[in-house]
Amino acid sequence: RVWQALGFTSKMIARNVSRHPFRAGLNAFAVMISCGLLIIGFFMLDGVDYLMRFQFEISQRQDARVNLIIERGEGALREVARYDHVRQAEPQLQYPFEMRNSWYKKDVVVIGLPQDGRLQRLINDEEEEVSIPATGLVLSERLAFDLGANVGDIVTIKPLYGKIDTEKTVPIRKVVKQYFGASAYMSLEALSDVLDESMAVNAVLVSMDPGMERALTEQVRDVPGVATVEIRRDAHENLKKTLGQQMAVSSVTTILFAGIIAFSVIYNVTTVSLAERERELASLRILGFSRQEVGRILYRENFITGAVGLALGVPFGMLACRGLIEAFNTELYRLPYYVDTSTIFVALGLTISFIAFANLAVRRKLARLDLVEVLKSRE
């Protein structure tokens, strides 16, 4: 009943696919690879955009950071807070340690943050704020992996410079997944206590009036205790330019290869099919079929096998993106698994356009088919 319900063109397509399953499978495979590569290409751009937004809008919300030459007390925070256009100031302490867990050892910068701080927050990969415990460490997932450590383990830390050189043991309270760096975090009070200080500060995060970051740089330029002023917007633009250019080149190359694969395979397979079926198609023309009706047999076959390839290409591309995350899992940064919905639709649309271009190229061959010469030749 299904066979009887099919039209003439559909029956010819079904017959040809059943006679040449490898050729039809090759078409579907090429479309699957093409669609998957397109998803990968756009995924890298999506990942970088999300990475920048996560780091510089969700986690870091200060306008600038004033880095001090040496550790100072709470008075440094009050001094910075008095500068013009400063709306809010929060202390921060960054200190290098040698961190050991069993036979694993690594030099790590431990970042001390106030427990009630709002300008730099500790955020996990689900965009949820992670509270800083009063005591103990919070490790990034990458650092915990490098140290072979888990929540509840006790690690040994030793300052890499300064007057304090005694080792201390600190428990790991939390492990969070982050996209930048391999850092450890403590409450500012707990980290200061490790250094035998009531409160130590070597950086101040500030929120400022819009567009006044440069004014702060000018004000502190000649202050002896200030080392540098980092403006968040500049750091964002520089990193986006560097990382974005790298990903853009990779993405464009991947998208180009996707187009070449889809077009070349579909075009060549259809050309071979046309060469084998010239007599059959010419006979249809002689029997009264128009050029469009004859060509529709080839075109629909490509779109049907292409639809199968598209259905397989989306999950293939998503799985490949997860594999790509592991390839970019370095100490500097890790790509988030973030695929925008528009990426899927753009990948599907481009793949369909590649199929259409291949059909258009085959159409020219079909138009030049010499019916008399084809029918004169023997089978």
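Computed from heavy atoms alone, side chains included, the values below leave out hydrogens, waters and symmetry copies.
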Whether Glu127 and Arg53 form a salt bridge (side-chain N of Lys/Arg under 4.0 Å from carboxylate O of Asp/Glu) is what I want to check. yes
Kindly assign one of parallel, tilted or perpendicular to the pair Phe54 and Tyr179, based on the angle between their ring planes and the thresholds 30° and 60°. perpendicular
Pairwise distance CG(Leu113) to CD(Gln92) - rounded to 0.5 angstrom: 5.5 Å
Under 3.5 Å: donor-acceptor pair, side chain of Asn101, backbone of Val155: no
Say whether Tyr50 and Leu239 are linked into one hydrophobic cluster, either directly or through other cluster members, by side-chain heavy-atom distances under 4.5 angstrom. yes
Drop me the distance from Phe97's CZ to Leu191's CG, to the nearest 0.5 angstrom. 5.0 Å
Kindly work out whether a path of hydrophobic side-chain contacts (I/L/V/M/F/W/Y, heavy atoms less than 4.5 Å apart) joins Val223 to Met208. yes
Under 4.5 Å between any side-chain heavy atoms of Met52 and His236, yes or no? yes
Steps toward side chain to side chain contact (heavy atoms under 4.5 Å, CB included) verdict (Val175, Asn150): CA-CA 7 Å; Val175 174; Asn150 293 299; 5.9 Å; no
Might you point out which heavy atoms bring Arg142 and Ala182 nearest each other, and give the distance in Å? CG-CB, 4.2 Å
Side chains of Thr343 and Phe345, heavy atoms from C-beta outward: is any pair under 4.5 Å? no
Test Ile352 against Phe303 for side chain to side chain contact (heavy atoms under 4.5 Å, CB included), laying out the working first. CA-CA 8 Å; Ile352 292 172; Phe303 277 112; 4.2 Å; yes
Closest heavy-atom pair and its distance - Ile325, Pro336: CD1-C, 4.1 Å
Report yes or no: do Lys174 and Ser131 form a side-chain donor-acceptor pair below 3.5 Å? yes
Distance-only donor-acceptor check, side chains Glu230 and Asn67, under 3.5 Å: yes
Determine, step by step, whether Glu98 and Lys106 satisfy the salt bridge (charged side-chain N to carboxylate O under 4.0 Å, His left out) criterion, reporting the C-alpha distance in whole Å, the side-chain angles of both residues, the deciding distance to 0.1 Å, and the verdict. CA-CA 6 Å; Glu98 179 187 88; Lys106 193 174 183 65; over 6 Å; no
Which atom pair, heavy atoms only, marks the closest approach of Leu188 to Ala200? CD1-O, 3.5 Å
Is there a side chain to side chain contact (heavy atoms under 4.5 Å, CB included) between Ile40 and Leu324? Walk through the geometry before answering. CA-CA 8 Å; Ile40 292 172; Leu324 195 65; 3.8 Å; yes
Could you tell me whether Lys240 and Glu237 have a side-chain N and a carboxylate O separated by less than 4.0 Å? no
Should Pro91 and Met199 count as side-chain neighbours, where that means a heavy-atom distance under 4.5 Å? yes
Less than 6.0 angstrom from the centroid, inside 45 degrees of the normal: does Arg322 satisfy that with respect to the ring of Tyr337? yes
Kindly compute the distance separating CD1 (Ile260) from CG (Leu37), expressed to the nearest 0.5 Å. 11.0 Å
Is the shortest side-chain heavy-atom distance between Val108 and Ser183 below 4.5 Å? no
Is it true that Ile123 and Leu119 fall in one hydrophobic cluster, defined by side-chain heavy atoms closer than 4.5 Å? no
About how many Å separate CG of Leu147 and CG of Asp153, when rounded to the nearest 0.5 Å? 10.0 Å
In terms of heavy-atom contacts, Phe354 and Ser34 come closest through CD1-OG, 3.7 Å
May I ask you to say whether Lys177 pairs ionically with Glu126, meaning some side-chain N is under 4.0 Å from a carboxylate O? no
Would you sort out whether Leu139 and Met99 count as a side chain to side chain contact (heavy atoms under 4.5 Å, CB included), showing the intermediate values? CA-CA 11 Å; Leu139 300 187; Met99 190 173 293; 4.2 Å; yes
Nearest atoms (heavy-atom pairs only) where Asn302 meets Asn27: OD1-ND2, 3.1 Å
Salt bridge or not for Glu213 and Arg232, using N-O below 4.0 Å? no
CG-CD1 distance between Leu122 and Ile111, expressed to the nearest 0.5 angstrom: 9.0 Å
Please say whether more than 12 non-hydrogen atoms of neighbouring residues, nucleotides or ligands are located less than 6.0 Å from NZ in Lys168. yes
Do you know which of Gln88, Glu90, Gln62, Glu129 makes side-chain hydrogen bond (donor to acceptor under 3.5 Å, both in side chains) with Arg118? Glu129
Does a donor on one side chain and an acceptor on the other come within less than 3.5 Å for Tyr185 and Gln120? no
Note, Glu141 side chain near Gln178 side chain (heavy atom, < 4.5 Å): no
Salt bridge or not between Asp107 and Lys158? Use side-chain N to carboxylate O under 4.0 Å. no
For Gly41, is there any backbone N or O sitting under 3.5 Å from a side-chain donor or acceptor partner on Thr254? no
Nearest 0.5 Å, what's the OG1-CD1 distance between Thr305 and Ile266? 6.5 Å
Any side-chain heavy atom of Leu350 within less than 4.5 Å of one from Phe42? yes
For the hydrophobic clusters of this structure (ILVMFWY residues joined by side-chain heavy atoms under 4.5 Å, transitively), does one cluster hold both Leu137 and Tyr104? yes
Should Tyr95 and Tyr161 be marked as a ring pair (Phe, Tyr, Trp, His ring centres under 6.0 Å) after you check the CA-CA gap, both sets of side-chain angles, and the distance that decides it? CA-CA 9 Å; Tyr95 209 88; Tyr161 72 86; 4.8 Å; yes
For Arg214 and Asp234, run salt bridge (charged side-chain N to carboxylate O under 4.0 Å, His left out): C-alpha distance rounded to whole Å, both residues' side-chain angles, the deciding distance at 0.1 Å, then the answer. CA-CA 11 Å; Arg214 305 291 178 194; Asp234 291 348; 2.9 Å; yes
hydrophobic_cluster_shared for Val110 and Val204, side chain cutoff 4.5 Å: yes
With side chain to side chain donor-acceptor pair (under 3.5 Å) as the test, would you mind laying out the steps for Thr135 and Arg173 before giving the verdict? CA-CA 8 Å; Thr135 60; Arg173 302 296 188 190; 3.2 Å; yes
